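Each remark here refers to the structure printed beneath this line.
These numbers were taken from a predicted model, which means no experiment stands behind them. Counting starts at 1 for both ligands and their atoms, following the listed order.
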Amino acid sequence: MDDLGTGAENTWCPGCANFGILNATKKAVKKLEERGVGRDRLLMSAGIGCHAKMFDYLALSGLYSLHGRSIATAQGMKLANPDLKVITFVGDGDSLGEGLAHLMFAAKRNADITVILHDNGVYALTTGQFSPLACKGFKGPSTPRGSIEEPFNPLTLMLEAGATFVARGFPGRQDHLVDLMVAAVEHEGFAVIDVLQSSITFHDTFKEHNGLVDELDHIPDTIDDARVLAVRRDRLPIGIIYKVQRPVYHTELYGDANPVARRKPRGERLAAIRTLITPRKK
Ligand SMILES: Cc1ncc(C[n+]2csc(CCOP(=O)(O)OP(=O)(O)O)c2C)c(N)n1
Ligand SMILES: [Mg+2]
């Protein structure tokens, strides 16, 4: 067991790309430490699904959330203690089905969190139903004749919602994914990495993606250029597709206050409550 492992038995299918995401995350945590962000300042949340087992296998503090509520949980943690860097691991069913509104509004308000989207285009833990990112024609137990719907494009959705850091990564390009994770955590604002995950059992896209990914050599200058990259299907650009600086939610809400660090002593808090509930004399 390495020093970021937990010793928990791993139940992912052998060959699952989630192993690549876990390894990349561990490397990213170590890089962040070298760059001054200690693991005591990193906090994670996870949804429910195969992706969410990141929580079981990664020795970071955090909260195992509900299905679709991981992003809301992450925002709460950041608001409670803005000195922390919060990473949330979400599935495509988790964040674009059950929790779509949380994803969209977190991007809209530029919540200062990092979202790692395990994009396997399937509900993997529940054994292969089609998901919001399942490709048209995808066959599974809930779509035996093939899905008749087009999937969402998570990159364009995030660009339109107001995300200030939008990237795509591929576990087969491990070092590249590590650097993306480091950049996403260091970004001040809402950062999302769409990770082309591939579920070896229910939606194996590894070879296809491996042949299509191209590492970007620069960050596009405008959102229009980002949109062009985001909709490409002939090739799959990986890297930072869009990055811009905008005020973040917690500072807009309460400046540089930190509710945890600057909490008043218990006695003072009780006195304030007493004042509030004591009837005023007429
Ligand atoms: C509120 C709620 N609805 C449904 C479920 C059942 N459920 C558990 S995991 C899952 C799908 C997970 O798919 P995804 O988020 O894509 O994660 P993956 O397993 O593919 O990583 C579902 C529907 C649940 N646990 N809670
Ligand atoms: Mg999934």
Tell me whether [X] is salt-bridged to [Y], with the criterion being a basic N under 4.0 Å from an acidic carboxylate O.
X      : Y      : result
Lys136 : Glu149 : no
Asp112 : Lys85  : no
Arg274 : Glu268 : no
Glu160 : Arg227 : yes

Residues Ser45 and Ser70: side-chain donor-acceptor under 3.5 angstrom: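 Yes - a donor-acceptor pair under 3.5 Å links their side chains.
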Polar side chain donor-acceptor pair, Thr164 to His187, under 3.5 angstrom: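 Yes.
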To check your reading of the model: name the closest protein heavy atom to [atom], its residue, and the distance in Å.
atom                    : answer
atom 15 (O) of ligand 1 : Asp94 N, 2.7 Å
atom 16 (O) of ligand 1 : Asp92 OD1, 2.7 Å
atom 7 (N) of ligand 1  : Thr126 CG2, 3.6 Å
atom 1 (C) of ligand 1  : Glu98 OE2, 3.6 Å
atom 14 (P) of ligand 1 : Gly93 N, 3.6 Å
atom 19 (O) of ligand 1 : Cys50 N, 2.8 Å

Options Leu117, Ile48, Asn18, ranked by nearest heavy atom to atom 12 (C) of ligand 1, top entry: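 It is Ile48 whose heavy atom sits nearest to atom 12 (C) of ligand 1.
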His51, His203, His67: member with heavy atom nearest to atom 5 (C) of ligand 1: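 That would be His67.
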Looking at the Mg ion (ligand 2), is there an N, O or S atom belonging to [X] that lies under 2.8 Å away from it?
X      : answer
Ala124 : no
Gln197 : no
Asp94  : no

N/O separation below 3.5 Å, Leu125 to ligand 1: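 N/O-N/O distance below 3.5 Å exists for this pair.
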Between Phe138 and His203, ring centroids under 6.0 Å: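 Under 6.0 Å, so yes.
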[X] side chain to [Y] backbone, donor-acceptor under 3.5 Å:
X      : Y      : answer
Arg235 : Gly211 : yes
Asn110 : Phe190 : yes
Glu98  : Ser95  : no

Which segment of Val122 sits under 4.0 Å of ligand 1 when only heavy atoms are counted: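 Near ligand 1, Val122 shows its backbone, while the atoms from C-beta on stay back.
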Part of Ala124 within contact of ligand 1 (heavy atoms, under 4.0 Å):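 Both of them.
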Nearest to the Mg ion (ligand 2) - the N/O/S atom of Asp92, by atom name: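 Among the N, O or S atoms of Asp92, the one closest to the Mg ion (ligand 2) is OD1.
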Where the Mg ion (ligand 2) is the vertex, angle from Asn120 OD1 to Val122 O to 10°: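 For O of Val122 and OD1 of Asn120, the angle centred on the Mg ion (ligand 2) reads 80°.
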